[in-house]
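Here is the structure we will look at.
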Amino acid sequence: MELRDEWLVLRPWREDDAPAVYEACQDPEILHWAPVIPRPYTEEDALAFVTGKLDLGPHQYAIEEDGRPVGSIGVRVNEQTRTGHIGYWCAREARGRGLMTRALRLLCGYAFEDLALERLELFTDPDNLASQRVAGKVGFRREGVLRSHLLHPDGRRRDSVMFSLLPGELVPSSRG
Ligand SMILES: CC(C)(COP(=O)(O)OP(=O)(O)OC[C@H]1O[C@@H](n2cnc3c(N)ncnc32)[C@H](O)[C@@H]1OP(=O)(O)O)[C@@H](O)C(=O)NCCC(=O)NCCS
């Protein structure tokens, strides 16, 4: 199913999105901040992602603009705890226009209202200020630092900053 606001569409990934995902994930910034993304990032990696082979669950969306996928956002649901973990990236050329803030707001609304989740969380690198700003604009609260949380493929161990959002805390777009 698709999620929409006045001008943004989040839609399920399709096999023919693989080239766009491959292109976007050549960006060193995405690789720098997202250690789970394989490197070098191959066309096969992109195909596995868009065809749902990565075990990320059913709520993974392409952020579409002018008919083209320009970003990715998804929530992995833990049915037992009624919680969701959110991840996202935006293609370099589409950044800085409020796209991810809108996409995150849309996904969080869906997660609370339709999936009935009771806690959403995301974590970022402590130095990833753009991602933290996006989370903050949507209403996520900074909970604390997960020390030595992630091992990057280049051997760096990095802390993460944990953010969470509870029902009723989502900031509507007029204030974002
Ligand atoms: C983080 C990311 C998804 C943001 O996407 P986006 O569509 O550009 O986000 P938005 O335009 O909605 O908002 C970005 C905000 O961060 C701010 N920002 C950008 N770079 C910043 C920086 N270096 N320091 C502080 N704030 C910064 C912008 O000014 C904007 O805030 P504002 O609206 O108050 O001006 C995108 O930069 C990205 O994909 N980065 C690489 C991958 C990544 O980091 N993924 C997240 C892993 S947790």
Side-chain angles (χ1 to χ4, degrees), residues 1-79 83-117 120-125 128 130-135 137-138 140 150-154 163 165 170 173 176:
M1 79 177 267
E2 288 187 354
L3 310 180
R4 287 176 178 269
D5 69 8
E6 305 89 78
W7 58 266
L8 194 71
V9 181
L10 306 186
R11 60 147 176 86
W13 289 101
R14 300 190 302 247
E15 195 166 331
D16 64 356
D17 292 325
V21 170
Y22 169 76
E23 281 301 322
C25 290
Q26 303 308 307
D27 174 27
E29 219 174 309
I30 291 182
L31 298 176
H32 181 75
W33 296 126
V36 294
I37 295 182
R39 59 216 65 193
Y41 193 77
T42 65
E43 289 168 1
E44 289 71 34
D45 292 322
L47 190 61
F49 174 67
V50 298
T51 54
K53 303 237 164 61
L54 299 190
D55 199 25
L56 297 172
H59 309 292
Q60 301 295 323
Y61 298 95
I63 303 170
E64 192 176 88
E65 190 177 54
D66 299 329
R68 288 183 46 246
V70 294
S72 165
I73 189 165
V75 56
R76 287 179 82 161
V77 171
N78 182 327
E79 296 288 355
T83 60
H85 181 86
I86 291 178
Y88 47 70
W89 55 259
C90 185
R92 173 173 286 279
E93 68 276 9
R95 288 180 201 151
R97 292 193 274 111
L99 213 64
M100 196 54 74
T101 304
R102 272 189 171 264
L104 182 59
R105 193 176 278 127
L106 199 52
L107 183 67
C108 291
Y110 172 70
F112 287 136
E113 286 158 29
D114 296 80
L115 303 180
L117 299 187
L120 296 173
E121 58 188 37
L122 63 86
F123 53 75
T124 80
D125 188 281
N128 191 346
S131 183
Q132 292 178 46
R133 176 75 187 131
V134 169
K137 284 193 287 182
V138 170
F140 276 78
L150 294 180
L151 176 60
H152 286 250
D154 61 6
F163 287 84
L165 185 75
L170 187 59
S173 59

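What you see is a predicted model; the values in this text were computed from it and never measured.
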Worksheet item: Any sub-3.5 Å donor-acceptor pair from Glu43's side-chain atoms to Pro19's backbone N or O?
Response: no
Worksheet item: How about His85 and Phe123: do any of their side-chain heavy atoms sit closer than 4.5 Å?
Response: yes
Item to complete: Any chance you could measure Thr101, atom OG1, to Leu106, atom CG, to the nearest 0.5 Å?
Response: 12.0 Å
Worksheet entry | Thr124 versus Ser131, closest heavy-atom pair with distance | CG2-OG, 3.3 Å
Practice prompt. Could you tell me whether a side-chain N or O of Glu93 sits under 3.5 Å from a main-chain N or O of Ala24, the two making a donor and an acceptor?
Written response: no
Fill in: Nearest-0.5 Å distance that lies between atom NE2 in His59 and atom CG in Leu117
7.5 Å
Discussion item. Taking CD in Glu2 as the centre, count heavy atoms belonging to other residues, nucleotides or ligands within less than 6.0 Å. Is the count above 12?
Written reply: yes
Worksheet entry | Check: Val134 and Tyr88 side chains under 4.5 Å, non-hydrogen atoms | yes
Worksheet item: Phe49 versus Ser72: any side-chain heavy-atom pair under 4.5 Å?
Response: yes
Worksheet, complete the sentence: Smallest heavy-atom separation, Asn128 atom then Trp33 atom, equals ND2-CG, 3.4 Å
Worksheet item: Can you tell me how far the OH atom of Tyr22 sits from the CG atom of Asp45, to the nearest 0.5 Å?
Response: 10.0 Å
Worksheet item: Can you list the steps and then say if Phe140 with Leu120 is a side-chain contact (heavy atoms from CB on, under 4.5 Å)?
Response: CA-CA 9 Å; Phe140 276 78; Leu120 296 173; 4.2 Å; yes
Worksheet item: Do Arg76 and Gln60 pass the side-chain contact (heavy atoms from CB on, under 4.5 Å) test, and can you show the C-alpha distance, the side-chain angles, and the key distance before you say yes or no?
Response: CA-CA 8 Å; Arg76 287 179 82 161; Gln60 301 295 323; 4.1 Å; yes
Item to complete: Determine yes or no for a side-chain-to-main-chain donor-acceptor pair under 3.5 angstrom, with Arg95 supplying the side chain and Met100 the backbone.
Response: no
Response to the item:
Asp114 meets the side chain to side chain contact (heavy atoms under 4.5 Å, CB included) criterion, sequence neighbours left out, with Tyr110
Worksheet entry | Beyond-backbone contact of Met1 with Leu3, side-chain heavy atoms, under 4.5 angstrom | yes
Worksheet entry | Heavy-atom closest pair, residues Leu151 and Pro35 | O-CB, 4.2 Å
Response to the item:
For Ile86 and Cys108, the nearest pair of non-hydrogen atoms, with its separation, is CD1-SG, 3.9 Å
Worksheet item: Below 4.0 angstrom, N of the basic side chain to O of the carboxylate: do Glu6 and Arg102 qualify?
Response: yes
Worksheet item: What is the minimum heavy-atom distance between Leu10 and Ile73, and which atoms define it?
Response: CD1-CG2, 4.0 Å
Worksheet entry | Non-hydrogen side-chain atoms of Tyr41 and Val21 separated by less than 4.5 Å | yes
Worksheet item: Between the side chain of Arg39 and the main-chain N/O of Ile37, is any donor-acceptor distance below 3.5 Å?
Response: yes
Fill in: pair Trp89-Asp27: side-chain heavy atoms closer than 4.5 Å
no
Discussion item. Do Val70 and Arg68 make a side-chain contact, defined as non-hydrogen atoms from C-beta onward lying under 4.5 Å apart?
Written reply: yes
Worksheet item: Nearest heavy-atom pair of Asp17 and Pro12: which atoms, and what distance?
Response: OD2-O, 4.5 Å
Worksheet item: So, do Val50 and Arg14 sit near enough that their side-chain heavy atoms are less than 4.5 Å apart?
Response: no
